[in-house]
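Read through the structure below, which is laid out as structure tokens, and then see the notes.
When reading the values below, keep in mind they use all heavy atoms of this one structure, side chains included, and skip hydrogens, waters and symmetry mates. In this text the structure is predicted, and so the values were computed from the model without any measurement.
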Amino acid sequence: QFEEYDSLISGKEFVTKPKCPHGSKCHQQDNLEHRLQVTHPCYSKEIPCPHRHREMHMRCYSHEPIEVPGQSLQERKVKELQRTLGLLDVSGMEMGDPGAECIAHVLSKDRGITRDPSKLRYRDLKIGGNHISPLGGIPLLESCLSLVSLDLSCNGLGYKGALLINSGVGSALENLLRKAENLLFLNLSRNGLGDRDAHCICSGLKQNTTLRHLDLRKNELGPSFGVDMASALSENRELKELFVGWNRLESSGSAALLEE
């Protein structure tokens, strides 16, 4: 279904003020929603859009945003500036795992077009506060290899289901840090990450040469994390800022970390 949909939209540009193909004969020519329905493939009845969050999807494909009633000129200017700077800010929208998978699909397509960071449509992603579990977090992390900044704070990446010993997100984080080509900023605070996840993060840091800022505040990190991070910092001298407050490092973990 995704492949069929992608082939349908390939090479097309969409705006929110298209003209109805029926021309002046159409009595709904002034109806914006109608014009979208007859021109945008997301509304196709033959090939329905596979993305559940239609409004979010349309914004992700860089459609000109529909004006929100009551939105000030300053707010519209901020949104325009964000698009110009390559920022996709979907913080606090509570989109869950389906929304995370939608964003992952968009980022993967963006990266497939070009590897040049200056030509990427999105370079910075803020997706904090969206109730994202490992189910949506893993594919999202796999699609973020070309980002410069990634804010995943206030989600549930470390969530462990009743039958899971490990959330599984640790390997995805390790892969991100090993293969990220431009990543400078990574915020993973308030995600319930445990020592196993942190061990993978530290392993990835040993091979990372780009990251400058890492935020791991308010997770569930214990003394072993302090030892692992100290080992990572002995090999990685590029990281400039590390935030680990509100964890449970205890004296042994803190001492090991402070030595580095």
Side-chain angles (χ1 to χ4, degrees), residues 90-97 100 124-142 144 147 149-180 183-260:
V90 290
S91 304
M93 300 191 71
E94 302 182 357
M95 64 177 67
D97 293 328
D124 301 330
L125 173 62
K126 292 186 177 182
I127 194 168
N130 277 289
H131 304 302
I132 300 173
S133 75
L135 184 64
I138 291 174
L140 179 61
L141 289 167
E142 291 173 348
C144 293
L147 292 180
S149 175
L150 175 59
D151 184 350
L152 272 161
S153 59
C154 303
N155 283 293
L157 297 181
Y159 172 75
K160 302 170 183 61
L163 301 178
L164 292 177
I165 297 177
N166 185 14
S167 69
V169 79
S171 297
L173 287 168
E174 180 178 358
N175 184 65
L176 173 67
L177 290 170
R178 284 184 174 183
K179 297 182 179 180
L183 191 63
L184 297 174
F185 176 97
L186 179 60
N187 188 347
L188 297 170
S189 61
R190 298 176 182 242
N191 265 284
L193 297 172
D195 287 340
R196 292 193 180 191
D197 300 318
H199 178 77
C200 293
I201 293 173
C202 295
S203 178
L205 276 176
K206 291 181 179 180
Q207 300 184 44
N208 181 280
T209 59
T210 62
L211 195 68
R212 298 294 184 270
H213 175 108
L214 177 60
D215 193 340
L216 292 170
R217 286 176 288 189
K218 296 189 177 183
N219 281 289
E220 298 176 10
L221 309 179
S224 63
F225 160 72
V227 177
D228 288 338
M229 182 56 73
S231 175
L233 293 178
S234 67
E235 299 183 32
N236 184 328
R237 295 299 183 182
E238 303 300 326
L239 189 67
K240 303 303 180 185
E241 294 181 313
L242 174 63
F243 298 91
V244 295
W246 290 278
N247 283 288
R248 300 177 181 178
L249 301 186
E250 299 181 0
S251 57
S252 57
S254 300
L257 190 55
L258 288 172
E259 287 180 0
E260 286 296 330

Task: For R178, side chain to side chain donor-acceptor pair (under 3.5 Å) partners two or more places apart - done: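 So R178 forms a side chain to side chain donor-acceptor pair (under 3.5 Å) with E174, S203.
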Donor-acceptor under 3.5 Å ([X] side chain, [Y] main chain):
| X | Y | result |
| --- | --- | --- |
| N236 | K206 | no |
| N191 | L157 | yes |
| N219 | G192 | yes |
| N155 | H131 | yes |
| N175 | E142 | no |
| D197 | L173 | no |
| D195 | G222 | yes |

TODO: Measure the acute angle between the ring planes of H213 and F243, then classify it against the limits of 30° and 60° as parallel, tilted or perpendicular.
DONE: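 Aromatic pair H213/F243 classed tilted.
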If you look at every heavy atom in [X] and [Y], which pair is closest and at what distance?
| X | Y | result |
| --- | --- | --- |
| M229 | L257 | CG-CD1, 3.4 Å |
| N130 | G128 | ND2-O, 3.1 Å |
| S171 | C200 | N-SG, 4.0 Å |
| G136 | A100 | O-CB, 3.7 Å |
| S254 | E250 | OG-O, 2.8 Å |
| S252 | P223 | OG-CB, 3.5 Å |

If you round to the nearest 0.5 Å, how far is [atom2] of [Y] from [atom1] of [X]?
| X | Y | atom1 | atom2 | answer |
| --- | --- | --- | --- | --- |
| N187 | L150 | CG | CG | 8.5 Å |
| E241 | L211 | CD | CG | 10.5 Å |
| D124 | F185 | CG | CZ | 9.5 Å |
| E235 | L205 | CD | CG | 10.5 Å |
| L184 | L147 | CG | CG | 11.0 Å |
| L216 | L242 | CG | CG | 6.5 Å |

- [ ] Indicate yes or no: does E238 engage R212 in a salt bridge with an N to O separation below 4.0 Å.
- [x]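 Salt bridge between E238 and R212, a charged N being under 4.0 Å from a carboxylate O: yes.
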Task: Heavy-atom side-chain contact between D97 and I132 under 4.5 Å - done: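 SC-SC contact between D97 and I132 confirmed.
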TODO: Taking the side chain as every heavy atom from C-beta outward, state whether D151 and D215 have any atom pair closer than 4.5 Å.
DONE: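 No, their side chains stay 4.5 Å or more apart.
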- [ ] Report the C-alpha distance between V90 and M95 in whole Å, list the side-chain angles of each, state the deciding distance to 0.1 Å, and finish with yes or no for side chain to side chain contact (heavy atoms under 4.5 Å, CB included).
- [x] CA-CA 9 Å; V90 290; M95 64 177 67; 3.8 Å; yes
Task: L183: which of N208, L176, L214 passes side chain to side chain contact (heavy atoms under 4.5 Å, CB included) - done: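 Only one of N208, L176, L214 forms a side chain to side chain contact (heavy atoms under 4.5 Å, CB included) with L183, namely L176.
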- [ ] Kindly check if the number of other-residue, nucleotide or ligand heavy atoms within 6.0 Å of NZ (K179) is above 12?
- [x]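 Atom NZ in K179 is not crowded, with 12 or fewer foreign heavy atoms closer than 6.0 Å.
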- [ ] Give a yes or no on whether K126 atom NZ has more than 12 heavy-atom contacts from other residues, nucleotides or ligands under 6.0 Å away.
- [x]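 No, because the 6.0 Å sphere around NZ of K126 holds 12 heavy atoms or fewer from other groups.
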Task: Worked verdict on D228 versus I201 for side chain to side chain contact (heavy atoms under 4.5 Å, CB included) - done: CA-CA 9 Å; D228 288 338; I201 293 173; over 6 Å; no
